[in-house]
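The block underneath contains the structure these notes are about, expressed in structure tokens.
As the structure is a prediction and not an experimental result, all values here were calculated from the model. Along the sequence shown, residues carry numbers from 1.
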Amino acid sequence: MVSPHNKLVIWSLPIMVALGSTWVWGQKQPAAQKTDSVAWKAPSRGDASQYAGIEICSTCHEDEARQFGKTVHAKAGVEGTTGAGCESCHGPGKAHADAQMEAGSDTAKIDAAKKLIFSFHSKTEENAARCLDCHSTSRDQDLFNRSEHKLNGVACNECHAPHLLFGAEGREVKEPMIAQGKFFSAPRLKEENRWLSESLLRNKQPELCFGCHRTIQAQFALPTHHRVPEGLMKCTDCHNAHGTFQRPLLKKSNWEACVACHTEKRGPFVFEHAPVKVEGCVICHTPHGSVTRNLLTRREDRFSCLECHVDPFAANVPHGRLGFQTRGECVRCHATIHGSNVSEYFIQ
Ligand code: HEC
Ligand code: HEC
Ligand code: HEC
Ligand code: HEC
Ligand code: HEC
Ligand code: HEC
Ligand code: HEC
Ligand code: HEC
Ligand code: HEC
Ligand code: HEC
């Protein structure tokens, strides 16, 4: 994610320019402290004479150039720097441009000329390396090399499209069919605006992720679920697709990923229920979707209690002989099961 600070910087750029580069939200910052999340760095592949420059590329690749021109990448480059523009990703392209000019309509020659430029049809590492050239300095991508995505052959360009092409009317956006689905959905942006405002993603979430994660899609179709399919929440509220230190690609560890929103479960409580913070919320809840109320892992919650509070004669289950195990839910009485400030038995 862009840090809020950087988002602010991106969005307020036009305003800043309009007001003569003063910081409109108050404090003035010395220029040296204005940092992008990504360090601009002109790639140093080959010497300057091997680069053609964006004007040359644009003569033949009008569509890509037009779309590219709308993105932050087009603005990010230091003008006139070797390798800015198209060639910051595609590498030096003079040989390709010259060969294409010579090729005319000779298909064999066109094909040969195509091979003279890097076009992201390579191995995952090579594709990702092009982007990481610059993005290894950004906080959210610096762990990409250890992510399950990278390790399983998913490079940046599977999810991001630096110059997405649309038809004349733009790509069709499917509206949810049923009235209820429509009512509970967040308003949708026109596809191109979405692409530009949502990190150049090829497709919106969760469809982008569902494209590969079919089982997860099935989980979110169950009756109780976080409202991701409705567009009110995103996969990336809990996950970071770029890689983290927490499995499986969770933004924060264990229970912390959940209490970011469910703050009332954060505590600290005078009496903590150990598993909430040790095993984490997912020992009792499924994160995506389930058929049970409250996203519980068991149809009747007492069965999950009894997975741990298992021995009726052990000291920690005093009412084994009262047969509570078979008489309704434990949370009838143990109502503050996530932790309590008054009752060591989580009765209130
Ligand atoms: C599996 C899909 C996926 C892959 C692979 C992926 N990204 Fe992303 N990326 C996303 C999503 C989703 C977002 C939006 C995150 C959000 O809205 O919270 C995003 C956001 C971003 C952003 C903007 C926010 C930020 O983190 O600063 C950048 C920059 C970015 N990605 C760069 C990259 C680079 C570079 C790579 C390859 C090294 C890459 N991404 C690989 C899915 C992916
Ligand atoms: C004289 C016209 C011309 C110029 C100039 C030109 N290209 Fe191309 N380029 C082509 C043609 C033709 C193709 C093949 C398109 C196809 O097969 O659909 C192509 C293909 C490509 C491909 C895809 C290669 C592949 O393997 O599929 C990339 C990437 C590319 N060009 C980038 C660039 C860049 C970057 C520049 C500027 C440095 C550039 N081109 C300049 C005509 C040109
Ligand atoms: C930020 C990196 C980046 C920049 C800058 C960039 N491209 Fe690309 N380009 C890609 C990626 C990634 C792909 C492959 C994925 C795709 O098809 O979108 C690609 C694919 C292409 C293709 C082949 C499309 C196909 O059909 O396979 C062409 C042509 C191309 N780019 C031209 C350009 C031109 C012209 C520019 C400059 C105006 C440019 N690119 C700038 C990343 C970039
Ligand atoms: C030459 C350096 C460079 C290369 C190479 C590069 N980027 Fe970027 N990218 C940047 C800069 C600079 C920004 C702006 C960051 C900022 O303002 O914080 C950026 C921003 C982004 C964003 C955020 C866009 C937004 O609207 O907020 C995404 C997504 C992204 N890059 C993906 C990629 C992908 C994918 C590749 C490889 C195909 C790539 N970048 C290659 C320099 C680069
Ligand atoms: C191009 C296909 C593709 C896309 C798109 C994609 N993924 Fe993945 N993802 C994979 C593959 C392959 C793996 C590794 C195999 C596995 O665990 O399923 C993976 C692994 C993961 C994992 C780790 C699973 C584990 O067991 O460790 C998470 C979490 C994840 N993806 C979330 C996402 C999210 C969120 C998105 C959308 C922003 C997304 N993925 C988009 C292909 C994809
Ligand atoms: C409410 C937070 C949350 C949301 C939203 C979320 N996840 Fe997860 N996801 C988790 C947690 C927590 C786990 C670990 C579950 C475990 O350890 O049992 C997980 C596990 C996974 C896994 C690996 C384990 C498995 O079940 O295969 C994948 C892949 C995954 N999520 C993908 C996604 C995708 C794709 C989306 C969006 C459609 C998404 N997640 C939305 C919290 C979330
Ligand atoms: C020991 C098992 C257990 C653990 C661990 C657990 N929960 Fe729960 N949770 C439950 C049970 C049982 C219910 C149903 C309570 C009821 O019916 O009154 C519930 C209900 C909920 C509810 C809906 C009702 C409410 O109180 O708001 C939310 C939200 C919730 N849990 C979030 C979390 C979060 C977040 C975590 C991790 C910080 C967590 N839970 C950890 C057992 C657990
Ligand atoms: C981005 C914010 C966010 C995060 C992160 C989040 N939740 Fe939620 N959660 C919600 C919202 C909003 C609802 C209410 C959903 C609704 O009514 O559609 C909810 C509902 C729930 C419920 C009650 C479901 C029901 O039956 O109504 C449980 C249980 C729950 N979350 C557990 C978790 C767990 C476990 C995690 C961590 C894996 C988690 N949540 C992470 C926002 C979040
Ligand atoms: C993952 C294992 C686990 C699950 C599931 C679990 N607990 Fe616990 N519970 C513990 C542990 C560990 C303690 C701390 C025991 C201790 O301090 O002696 C504890 C403590 C308690 C206590 C306080 C006991 C005391 O002596 O202070 C109560 C009451 C309790 N649990 C009820 C429940 C109920 C009701 C459920 C089901 C909703 C449940 N537990 C689910 C592991 C679990
Ligand atoms: C009718 C109300 C009620 C129900 C139902 C109930 N409990 Fe309790 N439980 C209590 C009370 C009251 C205490 C405090 C016991 C005491 O004061 O000695 C307690 C104590 C406990 C303790 C702590 C014992 C100790 O001395 O450390 C555990 C663990 C526990 N219950 C687990 C469960 C589990 C698991 C279930 C469901 C199978 C359950 N309870 C159902 C009322 C109930």
Side-chain angles (χ1 to χ4, degrees), residues 1-7 9-10 35-45 64 67-68 71-77 83-91 117-164 194-217 228 233-254 256-258 260 287-288:
M1 281 224 339
V2 181
S3 71
H5 170 74
N6 279 311
K7 271 246 164 79
V9 174
I10 296 170
T35 52
D36 273 345
S37 64
V38 183
W40 167 261
K41 163 170 119 180
S44 51
R45 293 190 199 88
E64 280 86 358
Q67 291 305 89
F68 172 73
T71 68
V72 285
H73 282 132
K75 297 171 194 111
C86 317
E87 289 156 304
S88 62
C89 289
H90 290 289
I117 187 123
F118 184 84
S119 58
F120 292 89
H121 298 154
S122 303
K123 289 201 207 105
T124 314
E125 293 83 59
E126 288 173 37
N127 292 344
R130 292 282 163 155
C131 312
L132 290 172
D133 231 12
C134 299
H135 284 281
S136 57
T137 55
S138 57
R139 239 171 298 110
D140 282 307
Q141 282 82 44
D142 58 359
L143 295 175
F144 189 70
N145 281 330
R146 67 187 304 288
S147 73
E148 275 83 358
H149 281 134
K150 164 76 183 305
L151 299 174
N152 288 280
V154 183
C156 323
N157 51 306
E158 301 275 352
C159 298
H160 296 283
H163 38 62
L164 197 57
R194 182 212 53 78
W195 169 64
L196 288 171
S197 60
E198 288 180 2
S199 308
L200 310 177
L201 290 175
R202 286 183 176 280
N203 202 347
K204 62 178 178 299
Q205 290 193 64
E207 280 76 0
L208 173 72
C209 316
F210 285 165
C212 297
H213 293 286
R214 294 291 186 200
T215 18
I216 308 295
Q217 180 171 21
V228 172
M233 250 173 96
K234 291 179 179 169
C235 310
T236 48
D237 284 332
C238 299
H239 296 285
N240 179 349
H242 303 117
T244 66
F245 285 120
Q246 287 84 38
R247 296 219 57 214
L249 295 180
L250 283 174
K251 273 185 151 172
K252 294 200 187 127
S253 70
N254 203 303
E256 281 187 72
C258 311
H288 301 145

For the student: nearest non-hydrogen atoms of [X] and [Y], plus distance:
X      : Y      : result
Leu164 : Arg202 : CD2-O, 3.7 Å
Leu250 : Thr244 : O-OG1, 2.8 Å
Leu200 : Thr71  : CD2-CG2, 3.7 Å
Asn203 : Leu208 : O-CB, 3.7 Å
Leu143 : Phe245 : CD2-CZ, 3.6 Å
Phe118 : Asn127 : CZ-OD1, 3.4 Å

A side-chain contact here means heavy atoms from C-beta on lying under 4.5 Å apart; do Lys251 and Gln246 qualify?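 No, side chains not in contact.
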Can you measure from [atom1] ([X]) to [atom2] ([Y]) and round to the nearest 0.5 angstrom?
X      : Y      : atom1 : atom2 : value
Cys86  : Ile117 : SG    : CD1   : 8.0 Å
His288 : Cys238 : NE2   : SG    : 7.5 Å
Cys258 : Lys252 : SG    : NZ    : 10.5 Å
Cys156 : His135 : SG    : NE2   : 8.0 Å
Cys134 : Gln141 : SG    : CD    : 11.5 Å
Asn157 : Cys89  : CG    : SG    : 9.5 Å

[X] (side chain) donor-acceptor with [Y] (main chain) under 3.5 angstrom:
X      : Y      : result
Trp195 : Ala161 : yes
Arg194 : Leu201 : yes
His239 : Pro248 : yes
Lys234 : Pro206 : no

Does Gln67 have any side chain to side chain donor-acceptor pair (under 3.5 Å) partners at least two apart in sequence or in another chain, and if so, which?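 Partners of Gln67 under the side chain to side chain donor-acceptor pair (under 3.5 Å) test: Lys70, Glu192.
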Run the side chain to side chain donor-acceptor pair (under 3.5 Å) test against Asp237 and tell me which residues pass, sequence neighbours left out.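 Checked Asp237 against side chain to side chain donor-acceptor pair (under 3.5 Å); zero matches.
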Using the six-membered ring wherever Trp is involved, compare the ring planes of His160 and His242 and label them parallel, tilted or perpendicular (cut-offs 30° and 60°).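 Ring orientation of His160 relative to His242: parallel.
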Quick one about Lys150 and Asn145 (side-chain donor to acceptor, distance below 3.5 Å, no hydrogens or angles considered), yes or no?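 Yes.
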Would you say the side-chain atoms of His149 and Ser147 include a donor-acceptor pair closer than 3.5 Å?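 No pair is found: no donor N or O on one side chain lies under 3.5 Å from an acceptor on the other.
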Any salt bridge between Glu148 and Arg247, counting N to O under 4.0 Å?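 Yes, Glu148 and Arg247 are salt-bridged.
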Arg130 NZ/CZ over Phe120 ring centroid, <6.0 Å and within 45° of normal: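 Geometry flag: not set, cation outside 6.0 Å or 45°.
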